[in-house]
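So the structure is just underneath, and the comments pick up after that.
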Amino acid sequence: SPALVLTGSLAPSNPNRLPLANNAQGWAGPEDPASETAPVLQHHPAVRRNVVLLDLDQTLVHVLPSGRFPGNAEFLAEGTCKLQATQAHEDQGLELSVAVRKGASDLIWALRNAGNVDLRIVTMNLEGAGVIKAIADKLHEDAVAATNMGDAARSSYLSSLSLIWRDLPVTVIDAEARQRYRETGTPAKLLPADLSLSLLADDRLAIVDDMPGMWAHELQGRVVRVAPYSVLASYTPEQLQAESGGPGVPGYLARLTADFSSVLNARGRVWPLPGYIATPSPLVCDKRYA
């Protein structure tokens, strides 16, 4: 089992956030939320579930060999953990460090508890399943620690959150497709095999990724592009506050969670998130582990 080291808390601060304006620089949000109209569903929402596909590395987490991991990563993370690379690729045998983006657990919590969402991870990180397990294991350890401290409410919450992460289905893009993308730019990410392109016709698919170009051409219009997450990036003070938030100021993923939640709670809404556009990010990140 992977070795785990906690830096900071992996527990989200508040999974029940109110919708907020998307005015942070680089934010991929509604162009004009006030002018949005709500399309009418032509199907029975209780039967026809929405599908959300989440990228992993540089969207929810950042994974690097531990030797390249900065010592101050906790300022940009809910927490960090470590695991041993096991797949036959360039990091085989190396110890990897994982930084969990602030707000990632809130986003997972909100989508997994929405009741009408089929949530998946689709990643080119060959250690994707191990990364998810390492996060879930650490949350479980935190829950045990909370029990030992007599905080039953926190322990129960962390245990539930650990199960939500652990149960996330993970689709890993194989090494061949990953190499082909690097050499030719051929999109490597497709719908998981059990999903149908009818999701596009029914407007029931949303994809969250920092790189829309990794997806098949017919899916790129369904990508909500987020600014990439990197513990190696250089942030201005304004960008750091927009990414991580602060007292009374929600972070980047917290705003995305609020917008997803507002759509899920509004009758008649369809996917993708109404009015969302792909905007370039000012940050330059290491795409080796995308």
- line: Hits for side-chain hydrogen bond (donor to acceptor under 3.5 Å, both in side chains) against Ser155, two or more places apart or cross-chain, chain-then-number order -> Thr147
Ser97: partners by side-chain hydrogen bond (donor to acceptor under 3.5 Å, both in side chains), with sequence neighbours left out: Ser66
Out of curiosity, [X] [atom1] to [Y] [atom2], how far, rounded to the nearest 0.5 Å?
X      : Y      : atom1 : atom2 : value
Leu94  : Leu64  : CG    : CG    : 11.5 Å
His217 : Thr186 : NE2   : OG1   : 7.5 Å
Thr123 : Met214 : OG1   : CE    : 9.0 Å
Thr171 : Leu191 : OG1   : CG    : 10.0 Å
Ile121 : Ile108 : CD1   : CD1   : 5.0 Å

Taking the side chain as everything from C-beta on, heavy atoms only, tell me whether [X] gets closer than 4.5 Å to [Y].
X      : Y      : result
Leu253 : Asp106 : no
Leu76  : Tyr235 : yes
Val63  : Glu127 : no
Lys189 : Asp209 : yes
Ile135 : Val61  : yes
Thr257 : Trp109 : no

field: Hphob cluster co-occupancy, Leu232 + Phe75, side-chain heavy atoms under 4.5 angstrom
entry: no
message: Quick check: is Leu197 connected to Val223 through a chain of hydrophobic side chains (ILVMFWY, heavy atoms under 4.5 Å apart)?
response: yes
query: What residue among Gln58, Arg101, Glu243 forms side chain to side chain contact (heavy atoms under 4.5 Å, CB included) with Ser230?
result: Gln58
statement: The single option from Val170, Val52, Leu168, Asp194 that satisfies side chain to side chain contact (heavy atoms under 4.5 Å, CB included) with Arg120 is Asp194
task: Please list, chain by chain and in numerical order, all residues satisfying side-chain contact (heavy atoms from CB on, under 4.5 Å) with Ser162, sequence neighbours excluded.
output: Ala136, Leu139, His140, Arg166
query: Under 3.5 Å, is there a donor-acceptor pair linking the side chains of Glu183 and Gln179?
result: yes
